[in-house]
Amino acid sequence: MNRYILNSHFLSVFVLLIILIASCNRHKNEGVSVISGNLVSGADPYIRLIRIDTSAYTPIDSVKQHIDGSFSFSFRPEIPGFYLLRSDNKTLVPLVVYPGDSIVAISSQNTTVVSGGAEAGIFDKFRQFLLLDEAVVDSLGTEVMLARDLDNYPEIKKSTDSSWSALMRKAKERSFAYLKEHPDFLSQILVVNSKIQQTYIFDPVIDSNWLYRADSQLARSNINSPHVEAFHKRIKSIREANQLEARARENMKPGKTAPEISLPGVNGRLIALTPSKNRFNLIYIWSPTDGPSRKANLELKMLHEKYKSAGFDVYAVSLDNFKDRWAAAVNLDKLWWTNVNDTLAMNSGIVKDWYVQKLPVLVLVDKQGKIIERFTSVHSLEEYLAAQTGK
């Protein structure tokens, strides 16, 4: 009887010990994230895990793949964040990692597919659509390039432009749906910063309400995240810029007479902005040192080529302290329209008269020199011209 009681006591202690060990192990593994899978890399057999901070990339760990390409990381992230898997200095896939996540990344058909995790797998499905869109855009670009010498090039270009617009429209709809369906996801930041080729899906003016919505949702669900704080600062600056632009649009309402401009051209002679025979005259204010302006130059060149037969011309005003730098930019970007420059740059009276808050500025005027509309992007200008000309 005593032996039975003693054995029973030892059994109870043993069970309690097992429970304590299991509890300790659970506590030890709590918050540990595991990223594993099978990837096709290059000559370098090492897979590197990089954390994306708000101002830098921070290496976290590196592992050597097994002979079959498999790998595994185990680490303890303090908070949800963004990471990259890299090999041969090439990014294989971006990841959204939460503490305690179990994420699998597998190479498949020249891409990497991600599953698992609180958000990683769901965001990767969105990313896969972007990769498909990229492939379609590459195909459209090749089609246009090969058709340049064909008689029906204008029809082909119109068709590819239409396909591009439809593709961007669908990509935007998918992005809106993501924000609505996942209002607590940190990956909203990745979605609103997504682009196809070099074109961002979200326009800071046209889609501002969606940007504001993402900002509010993130502030509620991801408190103390440095990524959310950085995103909030960016949205705050967009709000301020949009408010200033709205004020500028109010002060330059359609029907008002465009302010006068008379500045030296490339040859040094003054060229005045005067009413012309063209149906659409674009006053384009830019700077050679401004990144968005140089990107707009390329977009505007294609627009000019497409619509010049419909009476569209450009009067481009550069704001640059150095006329030689401006002239070099005109030649480099091949801007074959009316070009003038003000060496007073942002201290120019043009800035005040035309309500320049940020560059570039695009204002369309008619044959009488009356303002038709002020646009926030070349894309919005193109939509207007397409609607007016049917091209």
With the side chain counted from C-beta on, respond yes when [X] and [Y] share a heavy-atom pair under 4.5 Å apart, and no when they do not.
| X | Y | result |
| --- | --- | --- |
| R86 | L92 | no |
| P80 | P99 | yes |
| M252 | K256 | no |
| N193 | Q188 | no |
| N224 | I79 | no |
| F322 | T343 | no |
| Y212 | N209 | yes |
| V34 | S72 | yes |

Side chains of [X] and [Y], donor plus acceptor under 3.5 Å:
| X | Y | result |
| --- | --- | --- |
| R213 | Q217 | yes |
| N251 | R374 | no |
| Y178 | S187 | yes |
| W337 | N339 | yes |
| T58 | D53 | yes |
| D88 | Y46 | no |
| D342 | S348 | yes |
| D44 | S87 | no |
| S293 | D290 | yes |
| D68 | S70 | yes |

Begin from the C-alpha positions of K301 and D333 and carry the test salt bridge (Lys or Arg N to Asp or Glu O under 4.0 Å) through to its verdict. CA-CA 9 Å; K301 280 171 57 180; D333 290 354; over 6 Å; no
Is there a path of hydrophobic side-chain contacts, each under 4.5 Å between heavy atoms, that joins [X] and [Y]?
| X | Y | result |
| --- | --- | --- |
| V96 | I122 | yes |
| V205 | Y355 | no |
| V378 | I285 | no |
| L273 | F280 | no |
| L362 | V351 | no |

Please give me the minimum heavy-atom distance between [X] and [Y], naming the atom from each residue.
| X | Y | result |
| --- | --- | --- |
| P77 | Y83 | CB-OH, 3.6 Å |
| L150 | I156 | CD1-CD1, 4.1 Å |
| F375 | L364 | CE1-CB, 3.8 Å |
| D320 | R325 | OD1-NH2, 2.8 Å |
| R48 | S62 | CG-CB, 3.8 Å |
| I238 | P204 | CG2-O, 3.6 Å |

Side-chain donor or acceptor of [X] paired with backbone N/O of [Y] under 3.5 Å:
| X | Y | answer |
| --- | --- | --- |
| D101 | S33 | no |
| S276 | N278 | yes |
| E373 | P254 | no |
| H379 | E299 | no |

Pairs touching residues 133-152 that satisfy side chain to side chain donor-acceptor pair (under 3.5 Å), sequence neighbours left out: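 Non-adjacent pairs meeting side chain to side chain donor-acceptor pair (under 3.5 Å): D133-R174, D138-Q197, R148-Y153.
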Is there a side chain to side chain contact (heavy atoms under 4.5 Å, CB included) between R279 and D366 once you walk through the steps? CA-CA 6 Å; R279 181 181 176 189; D366 62 17; over 6 Å; no
More than 12 heavy atoms of other residues, nucleotides or ligands under 6.0 Å from [atom1] of [X]: is that the case?
| X | atom1 | answer |
| --- | --- | --- |
| K125 | NZ | no |
| F75 | CZ | yes |
| Y384 | OH | yes |
| K157 | NZ | yes |
| Y57 | OH | no |
| K295 | NZ | yes |

Would you give the length of the straight line joining atom [atom1] of [X] to atom [atom2] of [Y], rounded to the nearest 0.5 angstrom?
| X | Y | atom1 | atom2 | value |
| --- | --- | --- | --- | --- |
| Q128 | T112 | CD | OG1 | 8.5 Å |
| R76 | E78 | CZ | CD | 10.5 Å |
| I47 | K64 | CD1 | NZ | 12.5 Å |
| F73 | I35 | CZ | CD1 | 7.0 Å |
| T389 | K306 | OG1 | NZ | 7.5 Å |
| D215 | R239 | CG | CZ | 6.0 Å |

In residues 257-269, what donor-acceptor pairs under 3.5 Å come from side-chain atoms, sequence neighbours left out?
| unit_1 | atom_1 | unit_2 | atom_2 | d |
| --- | --- | --- | --- | --- |
| T257 | OG1 | K370 | NZ | 2.9 |
| N267 | OD1 | R269 | N | 3.0 |

Taking the ring centre of each residue, are F123 and F185 less than 6.0 Å apart?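 They do not qualify: ring centres at least 6.0 Å apart.
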Ring centre gap for H66 and F71 strictly below 6.0 Å: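 Between H66 and F71, the centre distance exceeds or equals 6.0 Å.
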So D207 and Y200, side chain to side chain contact (heavy atoms under 4.5 Å, CB included) or not? Walk me through it. CA-CA 11 Å; D207 306 312; Y200 284 96; over 6 Å; no
I would like to know whether R127 and D124 meet salt bridge (Lys or Arg N to Asp or Glu O under 4.0 Å); could you show each step before the answer? CA-CA 5 Å; R127 187 182 69 92; D124 195 66; 2.8 Å; yes
Full working for side chain to side chain contact (heavy atoms under 4.5 Å, CB included) between L95 and F82: CA-CA 6 Å; L95 299 171; F82 303 133; over 6 Å; no
Step by step, work out the side chain to side chain contact (heavy atoms under 4.5 Å, CB included) result for S175 and F126. CA-CA 8 Å; S175 302; F126 176 86; 3.5 Å; yes
Donor-acceptor pairs are to be reported for all side-chain atoms of residues 308-319 against protein atoms at under 3.5 Å, with residues two or more places apart or in another chain.
| unit_1 | atom_1 | unit_2 | atom_2 | d |
| --- | --- | --- | --- | --- |
| K308 | NZ | E305 | OE1 | 3.4 |
| S309 | OG | K391 | NZ | 3.2 |
| D313 | OD1 | H304 | NE2 | 3.3 |
| Y315 | OH | I271 | O | 2.7 |
| S318 | OG | N341 | OD1 | 2.7 |

